[in-house]
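Encoded as C-alpha cells, the structure appears first; notes follow it.
For the single chain, residues carry numbers from 1 onward in sequence order.
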Amino acid sequence: SRTNTHNMYKEFRNININGAVGQLYQEMAGRHRADPGSIQIIHAATVKDENCRREHVLEMHDKGLKFPIIRKVPHTIKKLRTTFKAKRPNTFVR
C-alpha cells in the first residue's frame, strides 16, 4: 500500500549500483505506485552469482546465454514485393 511501511528485498542486474537504484525506483513506481520520496533504501551492494535469490536474475547466469543478432533485410525489387507473405522473413544476411 502507499500509506503503510513495507520491507522488501530486491535484486537488479545492472552494470553499477547507481543503475540498479534507478531500476528500483522505476519498478516501485510502475508496480507499486510508490513515490520516490517515500522509498528508503537501507542497503545496496553487489551480490555474487551464488548468493542471488531471485529467479529473473538467476536465469541470466548461464555462461552459454546468447541473444539473436538482428540484421537489416535488403529490399527486394519493386515488382517482386508483396503485401502479405506466407513465411517469416530471414533476418540473417551474409
Side-chain angles (χ1 to χ4, degrees):
S1 72
R2 290 192 226 178
T3 55
N4 296 335
T5 302
H6 299 284
N7 297 327
M8 290 187 180
Y9 173 82
K10 295 279 189 184
E11 287 181 4
F12 294 99
R13 189 171 172 84
N14 206 306
I15 302 297
N16 55 19
I17 292 181
N18 288 338
V21 169
Q23 281 182 324
L24 169 77
Y25 282 123
Q26 290 295 322
E27 181 179 324
M28 294 301 288
R31 290 190 183 186
H32 305 287
R33 302 287 187 256
D35 191 38
S38 64
I39 298 173
Q40 296 178 358
I41 299 173
I42 305 298
H43 183 67
T46 304
V47 180
K48 294 183 180 179
D49 288 352
E50 57 269 7
N51 296 336
C52 289
R53 298 188 232 171
R54 302 294 185 240
E55 188 63 34
H56 69 278
V57 176
L58 290 174
E59 65 187 10
M60 295 294 188
H61 290 172
D62 185 17
K63 299 296 182 197
L65 187 65
K66 294 181 180 179
F67 295 97
I69 299 173
I70 305 297
R71 294 182 174 90
K72 290 190 175 184
V73 178
H75 286 290
T76 57
I77 304 169
K78 183 80 169 176
K79 71 176 186 176
L80 297 177
R81 285 188 206 168
T82 60
T83 305
F84 303 104
K85 268 292 186 204
K87 66 176 191 139
R88 295 175 63 110
N90 182 16
T91 59
F92 181 78
V93 180
R94 291 185 187 196

Answer whether the closest heavy-atom distance between the side chains of R13 and R54 falls below 4.5 Å. no
Take atom CD1 in I41; do more than 12 heavy atoms of anything else shown fall under 6.0 Å from it? yes
Would the number of heavy atoms belonging to other residues, nucleotides or ligands and lying under 6.0 Å from CZ of R31 be above 12? no
Of all heavy-atom pairs linking Y25 and I39, the shortest is CD2-CD1, 3.6 Å
Does Q40 CD have over 12 foreign heavy atoms under 6.0 Å away? no
So do the side chains of R81 and H75 get within less than 4.5 Å of each other, counting heavy atoms only? yes
Under the rule for salt bridge (charged side-chain N to carboxylate O under 4.0 Å, His left out), what residues qualify as partners of E11, not counting sequence neighbours? none
Got H6 and H32 here, is their nearest side-chain heavy-atom distance under 4.5 Å? no
For residues V57 and C52, report the shortest heavy-atom separation together with the two atoms involved. CG1-SG, 3.9 Å
Looking only at non-hydrogen atoms, find the nearest pair between A44 and I17 and report the distance. CB-CG2, 3.8 Å
Can you tell me how far apart NE2 (H61) and NZ (K48) are? Round to the nearest 0.5 Å. 13.0 Å
Crowded around I15 CD1? As in, over 12 foreign heavy atoms under 6.0 Å? no
Heavy-atom closest pair, residues D49 and L58: O-CD2, 4.4 Å
Minimal heavy-atom distance between K10 and M8, with the atoms involved, is CE-SD, 3.8 Å
